[in-house]
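Okay, structure first, notes after.
Hydrogens, waters and symmetry mates are skipped; everything else that's a heavy atom, side chains included, is used.
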Amino acid sequence: MSISTGTARARQSLPVEPEAGSRRLNTAKALQEAIGSQMEQDDSVFVMGEDVAAYGGIFSSTTGLLEKFGPQRIIDTPISESAFIGLGIGAAVEGMRPIVELMFVDFFGVCMDQIYNHMAKIHYESGGNVRVPMVLMTAVGGGYSDGAQHSQTLWGTFAHLPGMKVVVPSNPYDAKGLMTAAIRSDDPVVYMFHKGVMGLAWMAKNRRSIGAVPEQDYVVPIGKAKVVREGSDVSLVTLSLSVHHSLDVAEQLAGEGISVEVLDLRSLVPLDREAVIATATKTGKVIVVDEDYQSFGLSGEIAATIAEHDPALLKHFSRVCVPDVPIPYARELEYAVLPTAARIEAAVRTAVTA
Amino acid sequence: MTMETTEVTADLSTGQRLALLREMILIRTFEEAVLREYHADKSPGFDIGKGLIPGEMHLSAGQEPVAAGLCAHLETGDALTATHRPHHLAIAKGMDLRSLAGEIFGRESGLGHGRGGHMHLFDPATHFSCSGIVAEGFPAALGQAFAFQRAGTSNVAAAVAGEGAANAGPFHESLNLAALWKLPVIFVIEDNDWGISVARNASTSVPTNAVRAAGYGMPGVRVEGNDVEAVHAAAGEAVARARAGGGPSLIEVHTLRLWGHFEGDAQGYRPELADVPGRDPIPAYQRKLRDAGLLSEADLAEMEGEARTRVEDAVEHAKAAPAPNPAEALKYVFVEGE
């Protein structure tokens with residue numbers, strides 16, 4: 001069983017992603033639309049979590065769904081993450097398709113046993129006899145001074161532990177397509193949306209938080225990255241909100257004749273290693289832009305993926321990540337550690353002269 | 001409320017009583033066979049990773065009354081979640097013995113094709129599952145009960161764990177949520193006096209966990225005496241209440257860990273060790289039925305013979321089954337994209 005064989009087989013069956021069209025939504029609305037559409041088609045889908053009903057989700061992941069589907073299917077829970085995530089697992093085992101929201105990913109500490117010892121392992125431990133078709137939806141990321149316990153991304157932590165698919169949309173189109181894929185998946189999927197890509201009225205946002213979204217249902221395949229900007233000098237391998245910053249930098253440097261390719265990973269599990277190797281092959285210079293902690297995580301995994309394929313491929317490799325420090329509160333400190341456009345730009349300039 | 005053995009007024013038929021005994025004998029026979037096979041190739045030195053059955057082994061001898069008394073009320077479609085000490089409940093729930101033994105032996109014929117082991121048994125046929133993490137089996141039972149409730153069935157979910165689990169967060173979260181949403185759940189605490197080596201009075205702030213039920217607005221009862229008929233009576237009430245839409249209940253059974261926490265546990269911490277064999281619930285129940293004229297020597301011999309035949313068949317089947325293919329160690333991580 002080789003990785004390349006598995007990837008090749010998965011690729012053959014990937015659905016075609018439709019044209020985006022002209023209707024524009026913000027990421028939150030695209031996400032709500034995916035959930036609503038799947039709930040209309042499948043009675044076994046329900047949403048559960050803290051403040052998902054009348055409030056509509058603290059970061060607007062479920063706005064309007066209570067009015068449409070009622071309190072039997074859009075369900076507020078007590079602040080009991082172990083109990084209600086475990087409840088989702090039990091319901092999934094019995095054939096339902098729960099979407100369970102963990103309000104902030106930072107709260108995983110109080111319920112991680114249900115997530116990684118149960119949700120992620122039951123299918124394996126059961127020898128394939130028991131499926132857990134559940135979506136664990138959670139808000140990630142910083143940039144608005146919410147401090148060390150409400151600003152992390154932590155996707156590397158989840159991706160490290162086997163048995164969970166992990167998806168990380170950066171824009172409205174992918175948010176809808178990946179949520180549709182996640183709900184329909186027979187595997188547990190951790191769906192991590194950055195607060196900064198949702199297009200919230202009460203938070204600074206990049207213009208890419210609003211974009212064209214097809215009205216019909218479609219699936220963005222889990223495990224398929226996307227080159228969101230072609231380039232030839234340097235590759236930025238990135239995800240989530242950092243895709244916005246990376247595109248901003250790429251656009252700016254194009255005026256100076258620096259050609260930057262931007263790869264949006266979109267999924268961490270499975271990781272589209274072919275796409276990583278393809279962009280590394282193309283430019284030979286790779287910078288990973290990752291809002292997760294630097295050490296022992298995604299950025300190292302990208303380097304390992306390329307090195308295992310061909311150690312001679314890389315002429316340059318660097319990382320723009322959160323150094324290994326808790327996310328600080330004060331704006332000046334927080335923006336000193338986040339992967340800002342300024343840090344990305346500096347890394348690209350270093351790479352092109354390397 | 002406490003139910004003493006002497007208070008039991010359950011009006012059981014002889015057939016029901018003999019069925020309870022038959023179930024307990026089957027469980028004990030199974031556990032004795034696992035004990036034998038587990039230690040058969042680990043001597044003279046004890047190496048936990050060696051032998052046909054490697055790894056930790058938590059056997060349930062002494063706790064058969066809980067399984068038999070509870071599961072007598074459960075249908076195939078009802079769910080049951082258990083713990084790291086799951087065999088008695090799995091058997092009483094009706095799990096196929098060959099599949100169970102196969103998994104304990106780590107064979108391809110096992111429930112999980114050798115991926116789970118004895119603490120991780122998942123059986124869709126009997127809606128049985130267990131978790132090796134203390135108290136973390138409760139939440140899944142809520143979800144199964146939720147699914148049953150939403151489907152409009154009268155099925156229920158029972159969640160069983162030891163008294164040590166009643167001091168862990170998921171127990172309290174689960175009781176609150178089950179009561180809040182009136183979920184058809186029966187919470188069962190097996191109080192065997194010991195959380196590995198820590199006595200219950202060194203871990204638990206209340207004299208009985210049954211009183212904790214009041215904190216969550218549900219009925220709670222403690223069953224003393226490790227008496228299968230008393231368990232049967234308490235479980236019958238709780239299951240009926242759940243099936244009728246009356247919400248969850250909590251039952252604590254004062255039971256007995258006849259052997260160590262796991263095999264290899266010398267139990268030096270246990271001052272009452274010499275008295276333990278005398279508290280074995282199975283001979284006690286046999287005496288009770290014999291004294292009442294309900295059990296003949298022939299009945300008993302037949303039960304023991306049947307249990308032996310079934311258990312040895314399962315053990316032999318497991319031993320003869322192929323080991324899982326190492327090349328397939330990565331199989332079953334995901335449904336899709338393997």
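Ring pair B/Phe146/A/Phe46 is tilted by interplanar angle, where 30° to 60° counts as tilted.
Both the backbone and the side chain of A/Ser185 have a heavy atom closer than 4.5 Å to some heavy atom of chain B. Residue A/Val269 touches chain B through its side chain alone, counting heavy-atom pairs closer than 4.5 Å. Interface remark: A/Met164 contributes backbone atoms only to the contact with chain B (heavy atom separation under 4.5 Å).
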Output a table of donor-acceptor pairs, distance under 3.5 Å, between side-chain atoms of residues 210-220 of chain B and any protein atom two or more places apart or on a different chain; print 'none' if there are none.
from	atom 1	to	atom 2	distance (Å)
B/Arg212	NH1	B/Ala166	O	2.9
B/Arg212	NH1	B/Asn167	OD1	2.9
B/Arg212	NH1	B/Asn209	OD1	2.8
B/Arg212	NH2	B/Asn167	OD1	3.2
B/Tyr216	OH	B/His172	ND1	2.7

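Residues from residues 51-60 of chain B never place a non-hydrogen atom less than 4.5 Å from a non-hydrogen atom of chain A. Applying a 4.5 Å heavy-atom cutoff, the residues of residues 83-102 of chain A that approach chain B are A/Ala83, A/Phe84, A/Gly86, A/Leu87, A/Gly90, A/Ala91, A/Val93, A/Glu94, A/Met96.
A distance-only check finds a donor-acceptor pair linking the side chain of A/Asn129 to the backbone of B/Leu111 [under 3.5 Å].
Within 6.0 Å of the CD1 atom in B/Ile48, the count of heavy atoms belonging to other residues, nucleotides or ligands exceeds 12. By the neighbour-count criterion of 12 heavy atoms within 6.0 Å, atom CD of A/Gln149 is sparsely surrounded, having that number or fewer from other residues, nucleotides or ligands. For A/His160, the NE2 atom is loosely surrounded, since the number of other residues' heavy atoms within 6.0 Å does not exceed 12.
Residues B/Tyr332 and A/His123 share a closest heavy-atom pair of O-ND1, 2.7 Å. Between B/Glu173 and A/Ser82 the shortest heavy-atom distance is OE1-N, 3.1 Å.
Counting heavy-atom pairs closer than 4.5 Å to chain B, the top-ranked of the candidates A/Pro188, A/Pro270, A/Gly128 is A/Gly128. Interface remark: of the candidates B/Phe138, B/Phe171, B/Phe148, B/Phe148 forms the most heavy-atom pairs closer than 4.5 Å to chain A. Per-residue counts of heavy-atom pairs under 4.5 Å with chain B were compared for A/Ile79, A/Ile75, A/Asp43; the largest is that of A/Ile75. Here A/Gly163 is the residue among A/Pro133, A/Cys111, A/Gly163 with the most heavy-atom pairs under 4.5 Å with chain B.
Here OG of A/Ser126 is found 11.0 Å from CG of B/Leu121. Values are rounded to the nearest 0.5 Å. Atom CG of residue B/Leu175 and atom OG of residue A/Ser80 lie 11.0 Å apart, to the nearest 0.5 angstrom. Rounding to the nearest 0.5 Å places CD of A/Gln72 at 8.0 Å from CD of B/Gln149.
Among residues at least two apart or in separate chains, salt bridge (charged side-chain N to carboxylate O under 4.0 Å, His left out) pairs with a member in residues 108-136 of chain A are A/Arg131-A/Asp186.
Between B/Ile133 and A/His118 the shortest side-chain heavy-atom distance falls below 4.5 Å. At least one side-chain heavy atom of B/Asn176 sits under 4.5 Å from a side-chain heavy atom of A/Pro78.
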